[in-house]
Amino acid sequence: MSPAAGKRPVDLSVSLAGIRLKNPVIAASGTFGYGTEYDGLAAEFGAVITKTVTLASRPGNAPPRLCETASGMLNSIGLANVGIDAFISGKLPALAGLDTAVIANIAGDRTDEYAALARRLDSAPGIAALEVNISCPNVNQGGSAFGADPAAAAAVTAAVRRVTGLPLIVKLTPNVSDIIPVARAVEAAGADALSLINTLFGMRIDIERRRPALGGVTGGLSGPAILPVALYHVHRAARAVSIPVIGLGGISSACDAIEFMLAGAAAVQIGTATFVEPGTVRAVTAGLEAYCLRHGLARASSITGRLLA
Amino acid sequence: MAGPDAWLLAFRSAAVARSAAPGQFLLVRPPDCSRAMLRRPISISDVSGDRVELLFRVAGAGTRSLAGLTPGRVIDIIGPLGSPFDIVPGPVRHIAVAGGIGIAPLRFLLRRIRARRLPVTLCYGCRTKRELVPHCAVDRIVATDNGSCGIRGLVTTALSRAVDSHPGAAVYACGPWPMLRETARICAERGLSCQVSLESRMACGVGACQGCAVKGTGSYLTVCKDGPVFDARTVDWDQEPPT
Ligand SMILES: Cc1cc2nc3c(=O)[nH]c(=O)nc-3n(C[C@H](O)[C@H](O)[C@H](O)COP(=O)(O)OP(=O)(O)OC[C@H]3O[C@@H](n4cnc5c(N)ncnc54)[C@H](O)[C@@H]3O)c2cc1C
Ligand SMILES: Cc1cc2nc3c(=O)[nH]c(=O)nc-3n(C[C@H](O)[C@H](O)[C@H](O)COP(=O)(O)O)c2cc1C
Ligand code: FES
């Protein structure tokens, strides 16, 4: 697929949920805007996942929205986004020219909002797949999250599945006592792949001002601090379902990415590490290639699930 | 060291020097990244030839590790980023208003204004004389909290006097939020052009994460991409200071 594939000693391409990616390294939703903000970087990724889009635009939470923590960061962006109309008319055209697969991430407050978004994107040009973000509050369910309840997670997945033929990736939250029932419910409802993990709930306090450090009071923890938690969930989920799992959470090097792939991930996403070093994607693809050469593997996809028990 | 808490970091970069405009910033990777992971935004404080200067105050782990850099080390930067000050055309007096370390981006602005031989005044407020840091010599009014240098009191008092003796002046400000808010008010009252450089915590620095948002009079504005320099009339001055 990729122009360089023929010349490479190692084939980095992967097939996932019916789409072919030139490499298994994907930009995580919310950390890569609408694909064009990091000049020229999108083409380095196998795919780019856009910021969560909702039906109506959302302004986002009150500042401060960021707070660094030990080996990580908290964010309370609050799904600030342009809304589906402006996404399709204003953002998609530029995304189409990026020389990477474009995956649109969607979220709603109710099941029917997810379906409405999927219907709109189904007919929009240039989208390779949908990533369904089910870790935001569910007003139907009295404030719990779709992603924390297997039945609600399955209902959203099924509603989206009914209205679109696009490959469906469902993004799971780690804020559950057991991820397996949610993973299985989503698979049964028609998901083609899973992404995990989204951020962990977290909080810091400014003790001098006696205020929460974040305007949104609580936030989502990301970065190297969450890697072991993410790997734990990916390892378990990959064994519990037969659809591909995309691993993310704290990945900042090829070694980190290889751990996720050995644990069963078919591909990985990079989020926070891009902020710290935009070239992380390049280092990860180069390191994957070197690892394959060192281990005599012709293709990166054969790393997936090779963990010895 | 450029004062009790202020550090001057100079390095060579032809690429930065060539494209930098006053008001733009760099995202600097703290050299001891075990204590500070994210890059820190620091204004470009001066450029001459291919020498670039940063002027910063130690605020926490990230800036402390920058202050620990020894000569000859390589620093990891991204930029120049953000939208710069716009030097107002026409025969007006330019007034720069600096509060504390807010002098940092204004040093570069003053250099560019002087290079165009435009009339300029600096109103520079600090807690004490010891905190004043070097800048290009221009017509200036200094204000210190204790009167150890210049007038005793707030820099915005100095600004009021300056704008009253220079009707139609263009104002450029960087400093603590209350100073910027008062500067914006003084200028709005007199119908003067006022550009402010704002601060906010950042992650991406390129408009991708929405993490640095501040409230504008309409929607949220990103400090990294829409700013850091804003027309003061577009900022909602009633919000909590964003940092
Ligand atoms: C566009 C821009 C330009 C800047 N230019 C300069 C400059 O030229 N010189 C300079 O000394 N400082 C500048 N700052 C502020 C500087 O970025 C912060 O002081 C620095 O990020 C603090 O990092 P730290 O790890 O040392 O402190 P931390 O431990 O992260 O924080 C210490 C304290 O500083 C506050 N803080 C954290 N991040 C920021 C931030 N981004 N802006 C303001 N306060 C913050 C925190 O709330 C806390 O109270 C600029 C900020 C912006 C947004
Ligand atoms: C600033 C920021 C914004 C995010 N926004 C979204 C979002 O809109 N939708 C989403 O599904 N995940 C979002 N995430 C979560 C990331 O996609 C990712 O799941 C998480 O950060 C863990 O990966 P990382 O440690 O590599 O960053 C966001 C993360 C960050 C740091
Ligand atoms: S720091 Fe990411 S949008 Fe400004």
Side-chain angles (χ1 to χ4, degrees), chain A residues 27-42 48 50-52 57-82 206 209 211 213-216 219-220 222-225 250 252 271-279, chain B residues 19 26-41 59-65 76-82 177 198-227 235-236 238-243:
Chain A
S29 178
T31 65
F32 208 68
Y34 299 103
T36 56
E37 291 83 353
Y38 280 98
D39 197 18
L41 199 60
V48 161
T50 50
K51 173 72 186 170
T52 293
S57 68
R58 293 193 185 182
N61 286 331
R65 293 178 174 183
L66 302 173
C67 168
E68 184 164 342
T69 61
S71 296
M73 61 177 282
L74 287 168
N75 85 78
S76 66
I77 309 296
L79 295 190
N81 80 93
V82 298
D206 178 334
R209 292 164 62 242
R211 296 267 179 88
L214 294 171
S222 64
S252 62
T272 302
T274 297
F275 301 150
V276 177
E277 178 47 65
Chain B
S19 66
L26 302 175
L27 279 185
V28 184
R29 182 137 188 211
D32 176 8
C33 43
S34 63
R35 315 220 21 227
M37 175 186 74
L38 295 171
R39 290 169 182 267
R40 297 324 198 230
T63 43
R64 193 172 312 115
S65 87
D76 180 350
I77 54 164
I78 296 176
L81 299 170
W177 182 263
L198 299 188
E199 291 189 348
S200 178
R201 297 182 205 157
M202 289 187 186
C204 72
V206 297
C209 75
Q210 303 297 313
C212 63
V214 297
K215 270 192 196 121
T217 45
S219 52
Y220 278 106
L221 305 166
T222 55
V223 172
C224 70
K225 191 87 189 283
D226 300 324
V235 176
D236 174 356
D238 294 329
Q239 69 192 295
E240 285 279 311
T243 49

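- Contacts of Val206(B) with chain A are made by both backbone and side-chain atoms, with heavy-atom separations under 4.5 Å.
- Annotation: side chain of Met73(A) is not in contact with side chain of Arg201(B) (no heavy-atom distance under 4.5 Å).
- Under the 4.0 Å criterion applied to side-chain N and carboxylate O atoms, Glu240(B) and Arg211(A) are assigned as salt-bridge partners.
- Considering all non-hydrogen atoms of both residues, Pro224(A) and Met37(B) come closest at CD-SD, 3.7 Å.
- Using a cut-off of 4.0 Å between Lys/Arg side-chain N and Asp/Glu carboxylate O, Glu68(A) and Arg39(B) are scored as not salt-bridged.
- A pairwise comparison of heavy atoms in Tyr220(B) and Ala62(A) identifies OH-CA, 3.3 Å as the closest pair.
- Contacts between Asp39(A) and chain B at a heavy-atom distance below 4.5 Å are absent for every atom of the residue.
- Looking at heavy atoms from C-beta onward, Phe32(A) lies out of side-chain contact with Cys209(B) at the 4.5 angstrom threshold.
- Only the side chain of Ile77(A) has a heavy atom closer than 4.5 Å to any heavy atom of chain B.
- Residue Ile78(B) touches chain A through its side chain alone, counting heavy-atom pairs closer than 4.5 Å.
- The existence of a salt bridge linking Lys225(B) and Glu37(A) is excluded, since no basic side-chain nitrogen approaches an acidic carboxylate oxygen closer than 4.0 Å.
- Taking each heavy atom of Pro63(A) and Ala213(B) in turn, the nearest pair found is CG-O, 3.3 Å.
- With values rounded to the nearest 0.5 angstrom, Gln210(B) atom CD is found 12.5 Å from Ser76(A) atom OG.
- In this structure, chain B has a heavy atom under 4.5 Å from the side chain of Thr272(A), while its backbone stays farther away.
- The candidate with the highest count of non-hydrogen atom pairs below 4.5 Å against chain A, out of Pro241(B), Ser34(B), Cys212(B), Ala36(B), is Ala36(B).
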